[in-house]
Amino acid sequence: MASLRVKKKINKLHGNNSSISIVEALPNDLLVQIVGRVASRSMADLYKVKLSCKEFLNASEDGYVYQRASMDNFALVPLPWFKREKEILFLRRCRERGNLEIFYREGMVQYFKTLMLNLGLENLKKAALEGHHEAKYVYSMILMANREDEEERKLGFDLFAELKNSVASCRKRVKSFVQSMWVKNRVIVPNQGLDLCHSSSCQRNGTEKKKKKKKYSTWYAAAYKIDDEDDCTLCKYCAGNYELGLFCNMFPV
């Protein structure tokens, strides 16, 4: 339908002896979608697109583009005195438009470095519940480690289970983040999920008696690249507890 409208617009303008490019004929919402996708992949490419024509330049100012903008070119924990004014303004607009990577990064620094625990947890929660995978990984770990609220602990295990085969990649990126900052708040409380496991068919890996043959759930096997998926008997609580131990090991004692 959109392509038909573009063709009609081009034909109409050509009929009036006007010259028009394909980009000029595109509807603004489609231009915004294109620029937003570019922004989510590369800031360098976004800069090139903005320079290419005024239509893309105008589209780049849409809030959707700031919401989708990649943060790969920005330091995970930027030093305030190294920030330029344009960079500060750009990041501020990204945050105002709900860029989830901004909320994740702020939450990580606030919770683990500056000890602004409540604010940090809120930012991690916002990013996690709106679909940011690394934020969901960290937020689920924090909830799973909380012995004071059993409902929140169970929510943590549920959120962790949603990550499925992205667990390993999330862990790798979160570990890189943790190593990039001076950690003041440590999560060092593994073995929190065992009391929640009541499944007679669950075979715990690395948390109870060693078995001759290890058994894993299908998604857990995929997450940790385990070949044997014949016996799907590891419950989400024991899988989560095992991951919680790996998460705690990221932090220096």
Side-chain angles (χ1 to χ4, degrees), residues 71 74-78 94-95 98-198 202 204-207 217 219-220 222-224 234-253:
M71 297 290 112
F74 300 95
L76 287 170
V77 187
C94 287
R95 193 186 195 288
N99 188 296
L100 296 184
E101 180 69 13
I102 292 282
F103 285 102
Y104 162 64
R105 293 187 179 194
E106 287 186 357
M108 288 289 288
V109 173
Q110 291 160 346
Y111 193 87
F112 295 107
K113 182 180 180 182
T114 62
L115 300 181
M116 302 168 67
L117 303 185
N118 291 335
L119 183 57
L121 193 61
E122 278 301 310
N123 281 327
L124 287 170
K125 177 181 179 180
K126 176 179 176 59
L129 297 186
E130 292 189 24
H132 191 285
H133 283 194
E134 287 78 35
K136 181 177 287 190
Y137 175 86
V138 175
Y139 184 58
S140 69
M141 295 296 120
I142 294 172
L143 294 183
M144 285 158 52
N146 180 13
R147 276 202 174 277
E148 297 179 1
D149 190 325
E150 187 161 326
E151 289 304 311
E152 283 203 347
R153 287 178 63 212
K154 289 180 178 179
L155 174 60
F157 285 102
D158 290 340
L159 290 173
F160 170 72
E162 291 176 6
L163 290 171
K164 298 185 177 179
N165 59 355
S166 64
V167 171
S169 59
C170 286
R171 186 196 319 120
K172 182 178 180 180
R173 289 192 289 268
V174 169
K175 185 176 181 179
S176 177
F177 200 137
V178 170
Q179 292 175 339
S180 72
M181 62 181 170
W182 185 267
V183 175
K184 295 182 180 179
N185 181 33
R186 297 169 175 81
V187 180
I188 49 173
V189 282
N191 301 323
Q192 301 296 292
L194 300 183
D195 58 322
L196 293 174
C197 174
H198 303 296
C202 174
R204 297 164 179 170
N205 174 39
T207 57
S217 65
W219 74 264
Y220 185 77
Y224 294 98
L234 188 67
C235 75
K236 66 180 178 182
Y237 297 114
C238 295
N241 181 73
Y242 178 74
E243 186 64 36
L244 180 58
L246 298 179
F247 177 71
C248 293
N249 288 338
M250 296 180 190
F251 298 87
V253 178

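The structure presented is a predicted model; accordingly, all values stated were derived computationally and were not measured. In this chain, numbering begins with 1 at the start of the sequence shown.
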Contacts of E162 meeting salt bridge (charged side-chain N to carboxylate O under 4.0 Å, His left out) (sequence neighbours excluded), chain-then-number -> K136
Roughly how far apart are R95 CZ and E106 CD, rounded to 0.5 Å?
-> 4.0 Å
Which atom pairs, donor and acceptor, lie under 3.5 Å between side-chain atoms of residues 124-131 and protein residues at least two apart or in another chain?
{"from": "K126", "atom 1": "NZ", "to": "E130", "atom 2": "OE2", "distance (Å)": "3.0"}

In Å and rounded to the nearest 0.5 Å, what is the CG to CE distance from N123 to M108?
-> 12.5 Å
How many angstroms lie between NE2 in H133 and CG in L163, if you round to the nearest 0.5 Å?
-> 6.5 Å
With respect to H132, which candidate in F103, Y139, Y104, Y137 satisfies the ring pair (Phe, Tyr, Trp, His ring centres under 6.0 Å) definition?
-> Y104
Looking only at non-hydrogen atoms, find the nearest pair between W182 and K113 and report the distance.
-> O-CG, 3.4 Å
Is the F251 to F112 ring centre distance short of 6.0 Å?
-> yes
N185 side chain vs Y111 backbone, donor-acceptor pair below 3.5 Å | yes
Shortest non-hydrogen pair, F74 vs R105, comes out as O-NH1, 3.0 Å
Closest approach of V77 and S180, non-hydrogen atoms and distance?
-> CG2-OG, 3.8 Å
For N241 and F160, run side-chain contact (heavy atoms from CB on, under 4.5 Å): C-alpha distance rounded to whole Å, both residues' side-chain angles, the deciding distance at 0.1 Å, then the answer.
-> CA-CA 10 Å; N241 181 73; F160 170 72; over 6 Å; no
What heavy-atom pair brings M71 and C94 nearest, and what distance separates the two atoms?
-> CE-SG, 3.8 Å
dist M181:CE -> S176:OG (nearest 0.5 Å) comes out at 10.5 Å
Identify the heavy atoms of E152 and L143 that sit nearest to each other, and give their distance.
-> O-CB, 3.4 Å
To the nearest 0.5 Å, how far apart are CZ in R171 and CG in L246?
-> 5.0 Å
Scanning both residues in full, the closest heavy-atom pair of S140 with L159 reads CB-CB, 4.0 Å
Between the CG atom in L117 and the CG atom in L115, the distance rounded to the nearest 0.5 Å is 6.0 Å
With distance as the sole test, does N249 use its side chain to make a donor-acceptor pair with the main-chain N or O of G245 at under 3.5 Å?
-> yes
